[in-house]
Q: 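Dumping the structure here so I can ask a few things about it.
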Amino acid sequence: MSNKVRLMQGNEACVEGAIAAGMKFYAGYPITPSTEIAEISAERLPRIGGKFIQMEDEIAGIAAAIGASLTGAKTMTATSGPGFSLKQENIGYACIAEIPVVVVNVQRGGPSTGQPTSPAQGDMMQAKWGTHGDHPVIALCPSSVRETFDLTIRAFNLAEKYRMPVLLMMDEVIGHMREKIEIPNASEIEIVDRKRPSCPAEDYLPFKPEANLVPLMADFGAGYRYHVTGLVHDETGFPSNSTDIADKLIRRLVDKVELNKEDIITWEEENTEDADIIIFAYGCVARAAKTAIKILREKGIKVGLFRPITVWPFPEERLIELSKSVKTIIAPEMNLGQMVLEVERLCNKHTKIERLNKVNGEIIYPEEIVAKIEEVL
Amino acid sequence: MPSQLVDKYFRAEDLPQIWCPGCGHGIITRAITVAIEQLGLEPDKVCVVSGIGCSSRAPGYLDFNTLHTTHGRALAFATGIKLANPDLKVIVIMGDGDSTAIGGNHFIHACRRNIDLTTIIFNNNIYGMTGGQYSPLTPKFDKGTTAPYGNIDRPFDICDLASGAGATYVGRGTSYHANVVTSLVKKGIMNDGFSLIEAISGCPTYYGRKNKKGGPVDMMQWQKDNAVTVTAAAKMTPEQLEGKFLIGELKNKPEPEYTKEYQKIIDNLKGSDI
Ligand SMILES: Cc1ncc(C[n+]2csc(CCOP(=O)(O)OP(=O)(O)O)c2C)c(N)n1
Ligand code: SF4
């Protein structure tokens, strides 16, 4: 069978990717500009024997998705700005209880109700620090419809592999834009399933890590009766007041990501080999950056693009290396400077860093990036 | 019998429990396990979910699939579990604050959906875990650490709230009337839909002390003296019922269950995916 070519919206590609990854359960609450993800899930899931439920709010949406994940289902919830704020406590719960779940945030203008139908990138730091306490974070950021499909699959795979919530940080432009995409055949898609125990039930320790720091996860109902809590707990899952156990647990949770960074981090580079200037951009802004590079290259200005695909954990090493050979890094963002804080922290010893920020609800246009680069040249 | 119950349904290695001496929560937890025993439920297929609070610590001691969630959210987690795997018998334990303050929204919607969850609210009229603040179930004029001059909020009637919101099975027991709790939990589990059992508990440490209710025994005596069975109440005048509360089955009105209704959609769509 040949691959299907379809004209599709980013939000639809997200659902198609989720289904390709094995999603069997979706729970959420409608909010612009993510609503189509709920609507399409409601339509598609019962057709493949999956379940959709519209919950009473976003907190309940992620809670139900986490609960369903414990029975063995691959689950997702999607939202935008205000709903992402509401989900934060239970994102932390999924971190400490080590329950796979995919959380999509189609970013819109904030704070509060802000600009519901306008694109923004204002939640990038919330993705990292939104829930309280030290915790691991994996956040992916697509910049096309096809990439939304691919990264949704990757988000499920990483959630299953590392037993944790994975955030897909879209934006209104990517969510609502339509592009032609070729949907790969199932045989071309890599699918990862959580590792389940096969030992006798009495030998099962639900929070004893394997070599990759991730414990095996039994489905509720499969004969391994165990306890799950958001309190610090020992390897049996029972709450513990031991300072030693607390220290070991929190460090292991964070190390699941820290020590497996090479497996998790991805980025894209374009024209960086000979670049004097690098544009650091992600999401829909990276699209404008690519056009800006074409315009500037025609004028003989050597500009390249560095686009983090995994925004958290941040692709530190490669960006530091690149920063040593360029004169300037320009960081256009649809916020007042969030990911640029990482760029500055890592690269300001090696190069000059310039910000370009917009929070009026408009996209950043290629001409604005061109003008900024010509100004700082 | 008690030790047999402990062997069979408790995680003995995690005992003793954290509750204060004289707390009503242990008695109610035991009454729930007796119901499970009497129904002969397969432990592997039982899931017990709770929120946060003293009451919500109960599942940790029980040898089933147990989930201690976030404050107020137990029913939302439980809804996901039940919908994803309707074969599981899902029991939810919450405190009065947990279920009707921070979790009030999830509570009314779980009732409305009529999803097959058996919910037991351990009502001790106070926030126990955080040290005695007033809850939506603290009677008017009673004291809590955050109501030093008396509580001016009007309390909910949890059973009326559940009935009004659409729960199909509703009943009330107390830690004194533990056998009533057992029989209500049994019927609640057998009801194919959302069941709510209010179990009046005693918190001698905070509610009792703040309100001069005496010790654990006095608080149990109060339950005994003021509870009226539904049958007895039918023969009593409003004057005689003044200041009393009803125990027993308050509603039993089965209606189509949520996960079964969803399954019908799936079945109707079979073969229609392109
Ligand atoms: C989001 C959140 N807010 C507040 C708390 C603090 N807290 C823990 S338990 C509790 C109240 C418990 O009272 P109740 O539900 O009546 O149960 P009890 O302890 O009396 O059994 C509160 C306010 C919390 N854990 N999480
Ligand atoms: S504080 Fe109150 S509710 Fe909590 S364990 Fe003690 S007596 Fe029970």
Side-chain angles (χ1 to χ4, degrees), chain A residues 19 24-27 42-75 77 89-90 92-94 97 99 101 201 218-231 233-234 236-239 241, chain B residues 11 13-14 18 43-50 52 56-57 59-88 90 102-103 105-106 108-110 112-113 115 258-259 262-263 265-274:
Chain A
I19 288 173
K24 282 286 150 51
F25 187 96
Y26 179 100
E43 211 248 309
R44 296 277 279 121
L45 278 171
R47 291 175 179 273
I48 55 164
K51 312 276 173 72
F52 166 91
I53 186 167
Q54 180 170 311
M55 295 299 286
E56 50 275 13
D57 60 30
E58 286 85 349
I59 302 173
I62 183 170
I66 293 171
S69 181
L70 271 163
T71 71
K74 290 190 183 177
T75 71
T77 186
E89 185 191 11
N90 282 338
Y93 184 84
I99 303 172
V101 59
D219 300 347
F220 269 14
Y224 297 87
R225 299 191 300 270
Y226 65 103
H227 189 53
V228 179
T229 176
L231 285 165
H233 47 272
D234 60 22
T236 71
F238 199 75
N241 289 327
Chain B
R11 294 179 171 131
E13 67 280 11
D14 296 320
I18 58 158
D44 283 344
K45 298 294 171 200
V46 174
C47 182
V48 189
V49 185
S50 67
I52 295 290
S56 290
R57 287 301 193 95
Y61 304 112
L62 300 175
D63 190 13
F64 303 106
N65 304 283
T66 56
L67 184 65
H68 180 222
T69 69
T70 44
H71 192 31
R73 318 299 174 195
L75 283 168
F77 282 84
T79 296
I81 293 172
K82 183 68 190 181
L83 181 55
N85 184 356
D87 291 341
L88 295 173
V90 184
I102 192 165
N105 197 29
H106 310 307
I108 56 174
H109 289 283
R112 175 181 64 81
R113 279 187 199 104
I115 184 162
Y258 187 85
T259 64
Y262 198 92
Q263 191 57 44
I265 294 178
I266 294 177
D267 294 342
N268 287 339
L269 286 167
K270 277 224 170 93
S272 66
D273 197 34
I274 19 130

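Please read all numbers here as calculations on a predicted model, not as lab measurements. So that the names make sense, note that chain A is the first sequence line, chain B the second, and so on, each numbered from 1.
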Q: Name the region of A:Phe25, side chain, backbone, both or neither, that has any atom closer than 4.5 Å to a heavy atom of chain B.
A: side chain

Q: Nearest heavy-atom pair of A:Asp57 and B:Asn105: which atoms, and what distance?
A: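 In this case the closest contact between A:Asp57 and B:Asn105 is OD2-ND2, 3.5 Å.
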
Q: Answer yes or no: is there a side-chain heavy-atom contact under 4.5 Å between A:Ile53 and B:Arg113?
A: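 The answer is yes, as the side chains (C-beta and beyond) meet within the 4.5 Å cut-off.
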
Q: A:His227 and B:Pro59: which non-hydrogen atoms are nearest, and at how many Å?
A: CE1-C, 4.2 Å

Q: Where on B:Arg112 is there a heavy atom nearer than 4.5 Å to chain A: the side chain, the backbone, both, or neither?
A: neither

Q: Please rank B:Asp267, B:Val48, B:Leu75, B:Leu67 by heavy-atom pairs under 4.5 Å with chain A and give me the top one.
A: B:Leu67

Q: Determine whether B:Ile265 and A:Arg47 satisfy the following criterion, side-chain contact (heavy atoms from CB on, under 4.5 Å), listing intermediate values before the conclusion.
A: CA-CA 9 Å; B:Ile265 294 178; A:Arg47 291 175 179 273; over 6 Å; no

Q: B:Phe64, B:Phe77, B:Tyr61: which one forms the most heavy-atom pairs within less than 4.5 Å of chain A?
A: B:Phe77

Q: Going by ring-ring contact (aromatic ring centres under 6.0 Å, His included), name the pairs with one or both residues in residues 43-74 of chain A, residues two or more places apart or in two chains.
A: A:Tyr26-A:Phe52

Q: Using 0.5 Å steps for rounding, measure from the OG1 atom of B:Thr69 to the CG atom of A:Leu70.
A: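 Going from the OG1 atom of B:Thr69 to the CG atom of A:Leu70 covers 11.0 Å.
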
Q: Test side-chain contact (heavy atoms from CB on, under 4.5 Å) on A:Val228 and B:His68 and set out the steps.
A: CA-CA 6 Å; A:Val228 179; B:His68 180 222; over 6 Å; no

Q: When only pairs under 4.5 Å are counted, which of A:Gly223, A:Ala73, A:Gly230 shares the most heavy-atom pairs with chain B?
A: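 The residue among A:Gly223, A:Ala73, A:Gly230 with the greatest pair count is A:Gly223.
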
Q: Between chain A and each of B:Arg73, B:Gln263, B:His106, B:His109, count heavy-atom pairs under 4.5 Å; write down the option with the most.
A: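 Ranked by heavy-atom pairs under 4.5 Å with chain A, first place is B:His106.
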
Q: Restricting to non-hydrogen atoms, name the atom on A:Gly50 and the atom on B:Tyr262 that form the minimum distance, rounded to 0.1 Å.
A: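 Heavy atoms of A:Gly50 and B:Tyr262 come nearest at O-CE2, 3.5 Å.
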
Q: In Å, rounded to the nearest 0.5 Å, how long is the span from OG1 of B:Thr70 to CD1 of A:Ile59?
A: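 If we round to the nearest 0.5 Å, B:Thr70:OG1 and A:Ile59:CD1 are 8.0 Å apart.
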
Q: Taking all heavy atoms of A:Phe220 and all of B:Asn85, pick out the closest pair and write down the distance.
A: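 Here A:Phe220 and B:Asn85 meet closest at O-ND2, 4.1 Å.
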
Q: Please report the shortest heavy-atom distance between A:Ala63 and B:Ala76, naming the atom on each side.
A: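 It is CB-CB, 3.6 Å.
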
Q: Would you mind checking which part of B:Leu88 comes under 4.5 Å of any heavy atom in chain A, side chain (CB onward), backbone (N, CA, C, O), both or neither?
A: side chain

Q: If you count heavy-atom pairs under 4.5 Å with chain A, which of B:Lys45, B:His71, B:Arg11 comes out on top?
A: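 Top option by heavy-atom pairs under 4.5 Å: B:Arg11.
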
Q: Check whether any side-chain N or O of A:Arg225 sits under 3.5 Å from a backbone N or O of B:Asp63 as a donor-acceptor pair, and report yes or no.
A: yes

